[in-house]
Amino acid sequence: MSISLNRRSLLTGAAASGLAAPAVAAADFGPVGRPSWAADGPQGAAARKGLAFGAAVPSNLLNRSPDFRTILARDCGLLLGNNEMKMAVVLPEPGRTDFAPADSVVRFARAHGQHLRGHALVWHEALPAWVAPRLAGADARQAEDLLRRWIDTVAGRYRGMIESWDVVNEILAGYGPVRRPDGLRETPWLAALGPGYVDLAFHLAREADPRAALAWNEDSLEHDFDWVEARRSRALKRLEGMRARGVPIRRFGIQAHLVGDHPFDATKFRRFLRELGQLGLGIEITELDIDDKAFPADIAARDRAVADVVRRILDVALDEPALLNVVTWGLFDGDTWLNDHPDHRRRDGLRQRPLPLDEGMRPKPFRDALIAAFRAAPDHSAARARLRNTT
Ligand code: G3I
């Protein structure tokens, strides 16, 4: 079953669903404060080249740890909730919303003059238990209405405050041969709406927040494997089609969950970034962290190896004028998802050290590598300013 997207159905649908305008305005989230970052920190170095550096943050730590708030303000020019704007958190049951976690991230970022990213409107994970069965039993109109209500609910609330939204997240299938010619991942959204759900999500997000740059965020595009090249080709083919159809996509997010000992071909990665830029898209590294399970137990050696991986990818990425933001998936090692994931736990049982600061929130060579990479990068400030303001 697939839907033919047309403007009439979008407008009619929105009117029919009787969606209320968001009950809040930007002013309800406090004034926008002066940028708080330190000139000698990673954001200070990034900003001088037209870039922004930031991190995904857990609101519970943000709200209870003054030390965490201090390092976020010092090091970051951009924040996002790592879970706070996901459907499972915001809309746990039909009609019951919980914006408190996301609101706290938005308020902090505004108070500290930091950019905000939204993550993630349409994903196959972090779906509340009621959604997949609801989609499975819905016709295309009902499924479209559910998607519209969800996007209007969350993107409408933060309208005008989000620099870029991850409209769709991890929509490409597998990590090897794929079943569908279009390479799309088989998800409840695809089953209910057909492949047109991708374009639809962008049109709905554009209606919910016309000022946000809309992004497709994708994983596993960084290392040098044949199946990664195939993924890159499928992504570029879909992006070309989306641009040709007038889909309001303005950014592409490369998650960059890197694995320390996996191969990396700078020439191929540089070419991929260039092809994304040639499509007129801003590029964001959105979830950078380095799985260190292949590196030695010794902390000094491990931290150096992780920092080397960071430099290797950033020295390529920061050459690209279309690269706008570098975001790590957590700011300190105490906040990584990697220790909770069976594929990423170290065999020696030691905790991963994948992020710029250690578990005590002290700087590591990773943070030094960020600063050095930003300082060494060419200054593409003018091109980046133009792209950053393209919504
Ligand atoms: O908050 C509840 C807690 O109340 C409950 O007791 C507990 C029981 O399991 O679950 C807690 O929620 C967990 C949440 O993280 C907060 O810790 C969810 O179960 C867990 O699934 C969720 O995992 C997140 C995962 O995305 C799925 O949403 C990770 O923190 C988060 O780092 C991870 O991030 C993803 C990106 O969004 C997309 N790219 C990949 C990346 C890593 O998987």
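Just so you know, these numbers come straight off a predicted model, no measurement behind them. Atoms within a ligand are numbered from 1 in the order they appear, just like the ligands themselves.
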Inset, instruction - Write out all pairs satisfying salt bridge (Lys or Arg N to Asp or Glu O under 4.0 Å) with one or both partners inside residues 366-385, taking only residues at least two apart or from two chains. - result: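 Every salt bridge (Lys or Arg N to Asp or Glu O under 4.0 Å) pair that includes a residue of residues 366-385, provided the two are not neighbours, is D75-R367.
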Inset, instruction - Hey, could you give me each pair passing salt bridge (Lys or Arg N to Asp or Glu O under 4.0 Å) that has a residue in residues 36-64? Not counting sequence neighbours. - result: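 For residues 36-64: none.
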Once you restrict both partners to nitrogen or oxygen, which atoms of ligand 1 have a protein partner under 3.5 Å, and how far apart are they?
residue, atom, partner, partner atom, Å
ligand 1, 26 (O), K86, NZ, 2.9
ligand 1, 28 (O), N83, OD1, 3.4
ligand 1, 28 (O), K86, NZ, 3.0
ligand 1, 30 (O), N83, ND2, 3.0
ligand 1, 32 (O), W329, NE1, 3.0
ligand 1, 34 (O), W329, NE1, 3.1
ligand 1, 37 (O), K86, NZ, 2.7
ligand 1, 37 (O), H119, NE2, 2.7
ligand 1, 39 (N), E170, OE2, 2.8
ligand 1, 39 (N), Q255, OE1, 3.4
ligand 1, 39 (N), Q255, NE2, 3.4
ligand 1, 39 (N), E287, OE1, 2.6
ligand 1, 39 (N), E287, OE2, 3.3

Legend entry - Pairs touching residues 78-95 that satisfy side-chain hydrogen bond (donor to acceptor under 3.5 Å, both in side chains), sequence neighbours left out: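 Applying side-chain hydrogen bond (donor to acceptor under 3.5 Å, both in side chains) to every pair that reaches into residues 78-95, excluding sequence neighbours, yields S59-E84, N83-K86, E93-R96.
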Legend entry - Side-chain donor/acceptor of Q142 to backbone N/O of D139, under 3.5 Å: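 Yes; at least one donor-acceptor contact below 3.5 Å.
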Legend entry - Presence of salt bridge, D308 and R304, under 4.0 angstrom: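 Salt bridge flag = no for D308 with R304.
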Inset, instruction - Flag the pair F366 / V309 as yes when at least one side-chain heavy-atom distance between them is below 4.5 Å, and no otherwise. - result: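 They are not in side-chain contact.
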